[in-house]
Amino acid sequence: MSLVWLQVGQCGNQIGQEWWQIVCNNASEADRYPYFSRDGMINAICVDSEPKVVRKLGKQVTRGNFRDSNLIVGRRGRGNNWAFGYSGVGGDTEKSLLARTMESFRHELERRDCYSGTVLLHSLCGGTGSGLGARLCEEIRDTYPAGHILSVAVAPHETGDTPLQHYNSLLCLSSLQRYSDGILLFQNDDIMHRVAALGEKKVPLVSGVETPVSLAAMNSHIASCLAGLLYPTNTLRTRSAVSVGIEPWEIIRTLCPMSTLKFLHTTQICRRGTPFWDRVTVSLTKNIPRASPDGAGLHHSTLVLAVSRASQDKSFLLSQDSVLMKLKQSYRCVPWNPFPVDCWTGSQNILDPSQQSHSLTVCANHSSAADLMRRVIHRAQAMYEAQAYLHWYQQYGCEKEDFQEAFHTLQSVAEDYSKLGEP
């Protein structure tokens, strides 16, 4: 059940760097199979339109080796333009960025006994992460339709990242809705507030203004959430205690049974000492969005998955019923699903294996995703009606029909999520 990790753009590769540092430094020998090939090389393809981040990646991950042919870079950026990243540029060298990635992808699959799917790490904001990420998702779906695609997508701050971020998010989210099987959605503002609450020191900027957290700390938290969800669990091991790496696909099967609702919200608590799971659960549920900030109503969940990890993994079983009940109430699970909450357990907390520690990671198909979609639609619609920056997209083949289709797709998904609380 082998999988491929595909990191696209600056954000995707920076999160990938944090992820591989966790796995390479802490994974046990028995759990290396889902992440490493038989020759010991990391199962990842790293793509960016500029070389800086990818070259740094190979130096920072010291306990694992990337295959040189899987480090794919271009010579120029994509100008924070989805259409530029999606279509590429003229000239034989740059035009081959997509082709080179798909060629490396094919070679990576040929090294495996079978192919189960792809985990795609990228952002919704930059031209490479959003545009090329969407194009690769589409190409992989068309070329290898039997494999799963799990997207790990990072949404930009509400304001300030780039004037094109709402267009890029609109077009990328629409593409992911069509071609991926599940989307683990992380929002920069939410991650920043969480990391600040964990006590990250403030980092002064040149202007004298302080930002509450560093970018590296935010990337590290996202990677930590991924490790909590995707690292092998005892629940999904074979009878011979072997991990075959099916955690990403079981997340899709468990949380995304309906093709119209596939956006997932993730939160996590990691602590040291004796685990008191009821207290951990109460602390974790404080990070759950309760209601829409625009007054659209209370949030609800269709399905919730809790993953506990501790050296004393059986301790969670003693509190399992009360923890799952708290999660069901806090996430306001829909009444028409009789079994909305599931749980997995692991005997190793990979996030802090050297100490007596424990972690609880919860992933839910949650209607808070509709808040992001409505905000993106509203701001992108205002720009679209003013015809702002449209010529930057049209010169790379993105026409008004593509925008209209994206508006329709996201509006439909937002409406479906808004109806979850209806009887």
Side-chain angles (χ1 to χ4, degrees), residues 1-9 12 43-49 69-70 72 74 78 81-90 92 94-124 126-153 168-185 246 248-249 251-253 256-263 393 396-399 401-406 408-410 412-413:
M1 297 297 290
S2 196
L3 58 94
V4 177
W5 300 80
L6 181 57
Q7 304 165 193
V8 184
N43 284 348
I45 299 174
C46 310
V47 189
D48 199 359
S49 55
S69 59
N70 288 354
I72 303 169
R78 293 300 184 260
N81 185 328
W82 182 91
F84 195 179
Y86 184 88
S87 301
V89 296
D92 294 337
E94 286 293 86
K95 196 173 182 180
S96 66
L97 190 59
L98 173 65
R100 288 159 56 198
T101 303
M102 292 304 296
E103 182 71 9
S104 292
F105 192 89
R106 180 178 65 83
H107 287 314
E108 199 64 35
L109 265 57
E110 290 172 350
R111 299 184 183 99
R112 290 158 168 67
D113 296 327
C114 67
Y115 165 63
S116 55
T118 301
V119 177
L120 174 65
L121 308 177
H122 65 114
S123 76
L124 301 178
T128 306
S130 66
L132 182 58
R135 182 66 180 273
L136 286 169
C137 185
E138 179 180 339
E139 291 287 332
I140 293 170
R141 171 61 71 215
D142 291 343
T143 309
Y144 307 99
H148 299 288
I149 300 177
L150 178 64
S151 165
V152 180
N168 294 342
S169 297
L170 171 79
L171 294 164
C172 189
L173 287 171
S174 174
S175 179
L176 293 176
Q177 173 64 23
R178 289 195 298 271
Y179 295 106
S180 69
D181 298 299
I183 301 112
L184 288 169
L185 186 61
I246 64 173
W249 326 133
I251 285 176
I252 293 173
R253 185 191 67 82
C256 306
M258 295 178 287
S259 61
T260 56
L261 304 176
K262 58 179 72 171
F263 289 87
Y393 289 78
Y396 297 108
C398 185
E399 302 297 338
E401 292 76 11
D402 298 309
F403 281 95
Q404 292 168 358
E405 182 181 1
H408 174 75
T409 299
L410 283 201
S412 176
V413 175

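These figures come from a predicted structure and were not determined experimentally.
T260 has its side chain out of reach of S412: every pair of non-hydrogen atoms, C-beta onward, lies at least 4.5 Å apart. Looking at Y393 and L171, their side chains come closer than 4.5 Å, going by heavy atoms from C-beta outward. Side-chain contact between W249 and D181 is absent, with no heavy atoms from C-beta onward closer than 4.5 Å. In this structure, the side chains of E139 and T101 stay at 4.5 Å or more apart for every pair of heavy atoms. Side-chain contact between L185 and L124 is present, with at least one heavy-atom pair separated by less than 4.5 Å. Using a 4.5 Å heavy-atom threshold, the side chains of Y86 and R78 count as separate. With contacts defined as side-chain heavy-atom distances shorter than 4.5 Å, the pair I149/E138 does not qualify. With contacts defined as side-chain heavy-atom distances shorter than 4.5 Å, the pair C137/H122 does not qualify.
Side chain of N168 to backbone of W82: a donor-acceptor contact under 3.5 angstrom is found. Side-chain N or O atoms of R141 include one that pairs as donor or acceptor with a backbone N or O of G147 at under 3.5 Å. The main-chain N or O of S69 is found under 3.5 Å from a side-chain atom of S104 such that the two form a donor-acceptor pair. Side-chain atoms of D402 come within 3.5 Å of backbone atoms of E399 as a donor-acceptor pair (strictly under, hydrogens ignored). No side-chain donor-acceptor contact under 3.5 Å links S174 to the backbone of T409. Looking at E108, its side chain never comes within 3.5 Å of a backbone N or O of L3 through a donor-acceptor pair. Side-chain atoms of R112 never come within 3.5 Å of backbone atoms of S2 as a donor-acceptor pair (strictly under, hydrogens ignored).
Q7 pairs with exactly one of L121, V152, V119 by the side-chain contact (heavy atoms from CB on, under 4.5 Å) rule, that one being L121.
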**Request:** Applying side chain to side chain donor-acceptor pair (under 3.5 Å), run through T128 and S49 and close with a yes or a no.
**Result:** CA-CA 7 Å; T128 306; S49 55; 2.7 Å; yes

**Prompt:** Hey, mind stepping through I45 and F105 against side-chain contact (heavy atoms from CB on, under 4.5 Å) and telling me if it holds?
**Reply:** CA-CA 7 Å; I45 299 174; F105 192 89; 4.0 Å; yes

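Considering every non-hydrogen atom in both L176 and S180, the closest pair reads O-OG, 2.6 Å. Of all heavy-atom pairs between C256 and G182, the closest is SG-CA, 4.1 Å. The heavy-atom pair separating A406 from L170 by the smallest distance is CB-CG, 3.8 Å.
Remark: the H107 side chain and the E103 side chain contain an N/O donor-acceptor pair separated by less than 3.5 Å.
Ring-plane geometry between Y115 and Y144 is classed as perpendicular, the angle between the planes exceeding 60 degrees on a 0 to 90 degree scale with a lower cut at 30.
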